[in-house]
Amino acid sequence: MNREKCTAVVLAAGKGSRMGTKIQKQYLEICGKPVLYYSLAAFAASPIIDEIVLVTGEGKTDYCRKNIIEAYGITKVNKIVVGGKERYESVYKALREIEPEGYVFIHDGARPFVDESIIERTYQAVKEYRACVAGMPSKDTVKIVDENDFAVNTPERRFVWCIQTPQVFETALIRHAYFKLMENEENEKGITDDAMVVERMENCAVKLVEGSYENIKITTPEDLILAESLIKKRN
Ligand code: CTP
Ligand code: MG
């Protein structure tokens, strides 16, 4: 049966400033393999995904090709794109490079625990809703604060989710949203995820889909300890 093309955009052009290591966090090793390897391997192994576009920092293209893609035999990587200063700029640069058909799975390369069940759930949802993101209900109570860190509001916990990736869209929809966003270059954008771009630019509701509490993003040093134990548990 014919089905629409699915592209995974894996983002690895960040600086990793909160990790504070000399080697950027996406290239640090957990259980002997680079952080970035794990998500690339998950998308390469998925029967849903047809191609991968990897987004890396300036000067890192050859490093990624040699030390990750070739070293671990990662398939489906059709393009390596140099990212931008902010995450949304990296996404935009990748979206310019893909055809406007089918679906795109935008994923943080710093999130090694995406798996086939998350890819499958988001794929089913995007076919129905056009735009969906993986996430999980917040375990903690969340408070909105003012500039001086005084609590001003406590949203009902039932309605608070923590957002993960993949964030999955009809490719034409997310491309249209991003192209519109980037038209005005002076704008202070404050964009921290892709769903925001669709919410702001298109009249389309974004569906939240269950990711997993293991689908963590490697952000600060303690995340590496947690990631090591999650990988050991898997093996
Ligand atoms: N990312 C990217 N291009 C950027 C910024 C981020 O491709 N200009 C990627 C990162 O490599 C990461 C993902 O987006 O895989 C999520 O971003 P984040 O966790 O914020 O990573 P960094 O920006 O690298 O970290 P920090 O914010 O601590 O500097
Ligand atoms: Mg960042």
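Counting convention: from 1, in listed order, for ligands and their atoms alike. All values reported here derive from a predicted model rather than from experimental measurement.
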J.: Out of Lys217, Gln164, Arg87, which residue meets the side-chain hydrogen bond (donor to acceptor under 3.5 Å, both in side chains) rule with Asp108?
T.: Arg87
J.: Over all heavy atoms of both residues, which pair between Lys25 and Thr219 is shortest? Give the atoms and the distance, please.
T.: NZ-CA, 3.8 Å
J.: Which residue and non-hydrogen atom of the protein lie closest to atom 7 (O) of ligand 1, and at what distance in Å?
T.: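 Checking every protein heavy atom, the shortest distance to atom 7 (O) of ligand 1 gives Ala13 N, 2.9 Å.
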J.: Enter the distance from Tyr123:OH to Ile49:CD1 here, rounded to the nearest 0.5 Å.
T.: 9.0 Å
J.: Taking only heavy atoms of Gly109, which atoms of ligand 1 are found under 4.0 Å from at least one of them?
T.: 15 (O)
J.: What's in the same ILVMFWY side-chain cluster as Val152, cut-off under 4.5 Å, chained through other members?
T.: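 Its cluster mates, by chain and number, are Ile144.
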J.: What protein heavy atom sits nearest atom 13 (C) of ligand 1, and how far off is it?
T.: Asp108 OD1, 3.4 Å
J.: Closest non-hydrogen protein atom to atom 29 (O) of ligand 1, residue and atom name please, with distance?
T.: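 Answer for atom 29 (O) of ligand 1: Ser17 OG, 2.5 Å.
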J.: Can you tell me which residue and heavy atom of the protein come closest to atom 6 (C) of ligand 1, and the distance to 0.1 Å?
T.: Gly14 CA, 3.6 Å
J.: Which option, Gln26, Glu86, Lys25, Lys85, owns the non-hydrogen atom nearest atom 21 (O) of ligand 1?
T.: Lys25
J.: Exactly one of Phe43, Tyr38, Phe113 should register a ring-ring contact (aromatic ring centres under 6.0 Å, His included) with His107. Which one does?
T.: Phe43
J.: In this structure, would Val168 and Leu54 fall into the same cluster of hydrophobic residues linked by side-chain contacts under 4.5 Å?
T.: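 Yes.
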J.: So does Lys233 pair up with Glu214, basic N to acidic O under 4.0 Å?
T.: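 Looking at Lys233 and Glu214, the cut-off is met.
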J.: Sequence neighbours left out, what passes salt bridge (charged side-chain N to carboxylate O under 4.0 Å, His left out) with Lys232? Give chain and number order.
T.: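 Salt bridge (charged side-chain N to carboxylate O under 4.0 Å, His left out) check on Lys232 returns Glu228.
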J.: Evaluating non-hydrogen atoms only, which member of Gly16, Gly84, Ser90 is closest to atom 24 (O) of ligand 1?
T.: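 Selected option, by shortest heavy-atom distance: Gly16.
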J.: Would you say ligand 1 has an N or O under 3.5 Å from any N or O of Ile218?
T.: no
J.: From the options Arg87, Arg18, Lys15, select the one whose nearest heavy atom is closest to atom 5 (C) of ligand 1.
T.: Arg87
J.: Does the protein put a heavy atom less than 4.0 Å from atom 17 (O) of ligand 1?
T.: no
J.: Answer yes or no for Gly83: is there a heavy-atom contact with ligand 1 below 4.0 Å?
T.: no
J.: Would you please classify the geometry between the Tyr72 ring and the Tyr37 ring as parallel, tilted or perpendicular, with 30° and 60° separating the classes?
T.: tilted
J.: Would Arg111 count as a contact residue for ligand 1, given that I'm defining contact as a non-hydrogen atom of the residue lying under 4.0 Å from a ligand atom?
T.: no
J.: For the 3.5 Å polar cut-off, considering only N or O atoms, please tell me whether Leu11 and ligand 1 meet it.
T.: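 So ligand 1 has an N or O lying under 3.5 Å from an N or O of Leu11.
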